[in-house]
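Only this structure's heavy atoms are used, side chains among them; waters, hydrogens and symmetry mates stay out.
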Amino acid sequence: MTILEATLRLIVKEGIRGVRHRAVAKEAGVPLASTTYYFKDIKVLISDSLTYFAEKTLWMNKALEARSFELINFLGEDGKSRDDEHLVKYLTQFICEHIREQVKHSDDRILEMAFHEEALRNRQLAGAIKTLDDSFLATITLFFQKLESDTCLADAYQVLGLIKLLEYQYVMRGNIDEDKAQFESIVNASVRKIIGHRELKSEA
């Protein structure tokens, strides 16, 4: 675990290309022989580091899932009886709070981006990344199923795309509080279109 945690720290500092046995050993404060003994192939070390990181991330996804269903219960059991304005308001607030929390953990967001980029070149990582992404999509899709959306998967893709793009931008800019009004306006407008589309589908 010490070696895996050191590998993750190294990826944050230097990216995937910075992961070398000697660099990891130095970061972990262990003899070089320790890293080469347990991880003869550097690709295995990177893959195991992703698995270790994903396990923590999936645990966080369970917490997100619990909070999202609390929101559903708060808004009421019958999706058709919900006031759409209240739904837009509370879903906007929920997404904004989630993004703010994610941006606070900027190292984790850097790791996500690094692993996603590396997965384009490394088929071994691609499967693990797909599992991670599918987990988030499944949670958001289930949320919209609870709202009785006819396009729950498309809604989930839109919400996840919005979240990931804003996380990336605000981690890079480091100014989410300075752009508070614009940030909340973007989320609100996006949510309004998704909820409006759901309403149009139900009327069709």
Test Ile140 against Asp155 for side-chain contact (heavy atoms from CB on, under 4.5 Å), laying out the working first. CA-CA 8 Å; Ile140 303 171; Asp155 296 340; over 6 Å; no

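- Note: Glu112 CD to Leu50 CG = 10.5 Å, rounded to the nearest 0.5 Å.
- By the 30° and 60° cut-offs, the orientation of the rings of Phe183 relative to Tyr170 is perpendicular.
- Hydrophobic clustering (ILVMFWY, side-chain heavy atoms < 4.5 Å, transitive): Phe94 and Ile99 are in one cluster.
- Cluster annotation: Met172 is not connected to Leu111 through the hydrophobic network of ILVMFWY side chains, with a link wherever side-chain heavy atoms come within less than 4.5 Å.
- Shortest non-hydrogen contact noted between Phe39 and His21 is O-NE2, 2.5 Å.
- The environment of Glu117 atom CD is sparse: at most 12 non-hydrogen atoms of other residues, nucleotides or ligands sit within 6.0 angstrom.
- Shown here for Glu27 and Ala6, the closest heavy-atom pair between the two residues is CG-O, 3.5 Å.
- Placement of Phe53 and Met1 within a single hydrophobic cluster is found when ILVMFWY residues are connected by side-chain heavy-atom separations under 4.5 Å, directly or transitively.
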Take Leu162 and Ile186, measure what side-chain contact (heavy atoms from CB on, under 4.5 Å) needs, and give me the verdict at the end. CA-CA 9 Å; Leu162 174 70; Ile186 291 170; 4.2 Å; yes

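- Ion pairing between a basic and an acidic side chain is recognised when a charged N comes within 4.0 Å of a carboxylate O; Glu184 and Arg100 show such pairing.
- Side-chain contact check for Glu85 versus Arg192: some heavy-atom pair is nearer than 4.5 Å.
- To the nearest 0.5 Å, the span separating CG on Leu132 from NE2 on His116 amounts to 6.5 Å.
- The two residues Gly18 and Leu10 come nearest to each other via the heavy atoms O-CD2, 3.3 Å.
- At distances below 3.5 Å, not a single donor-acceptor pair connects side-chain atoms of Ser135 with backbone N or O atoms of Thr131.
- The structure places CD1 of Ile42 at 7.0 Å from OG1 of Thr35, a figure rounded to the nearest 0.5 Å.
- Within 6.0 Å of OH on Tyr52 lie more than 12 heavy atoms contributed by other residues, nucleotides or ligands.
- Residue Val88 is tested with Ile195, Val187, Ile194 for a side chain to side chain contact (heavy atoms under 4.5 Å, CB included); the sole match is Ile195.
- Here Glu118 contributes atom CD and Ser47 contributes atom OG; the two are 10.5 Å apart, rounded to the nearest 0.5 Å.
- Residues Thr36 and Ala33 share a closest heavy-atom pair of OG1-O, 3.2 Å.
- A cation-pi arrangement is found for Lys164 relative to Phe136, the charged atom lying closer than 6.0 Å to the ring centre and inside a 45° cone about the ring normal.
- Taking CD1 of Ile46 as the reference point, atom CG of Leu4 lies at 12.0 Å (rounded to 0.5 Å).
- Cluster annotation: Val171 and Leu160 are assigned to the same hydrophobic cluster (Ile/Leu/Val/Met/Phe/Trp/Tyr, side-chain heavy-atom contacts under 4.5 Å, transitive).
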From CA spacing to verdict: side-chain contact (heavy atoms from CB on, under 4.5 Å), Phe144, Leu153: CA-CA 8 Å; Phe144 282 105; Leu153 182 59; over 6 Å; no

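- The closest donor-acceptor contact from the side chain of Ser106 to the backbone of Val103 lies at 3.5 Å or more, if one exists at all.
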Is there a salt bridge (Lys or Arg N to Asp or Glu O under 4.0 Å) between Glu14 and Arg17 once you walk through the steps? CA-CA 7 Å; Glu14 302 183 21; Arg17 298 304 176 188; over 6 Å; no

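- Of the inter-residue distances, the one linking Ser49 atom OG with Leu8 atom CG reads 5.0 Å to the nearest 0.5 angstrom.
- For Arg121, the CZ atom sits in a packed shell: over 12 heavy atoms of surrounding residues, nucleotides or ligands are nearer than 6.0 Å.
- Side chain of Thr7 to main chain of Ile3: a donor-acceptor pair is present (N/O by atom type, distance under 3.5 Å, no hydrogens or angles).
- Taking each heavy atom of Ala156 and Thr141 in turn, the nearest pair found is CB-OG1, 3.2 Å.
- The same ILVMFWY cluster, assembled from side-chain heavy atoms under 4.5 Å apart, contains both Tyr157 and Leu91.
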Walk me through it: do Arg109 and His105 pass the test side-chain contact (heavy atoms from CB on, under 4.5 Å)? CA-CA 7 Å; Arg109 307 291 72 77; His105 299 89; 3.9 Å; yes

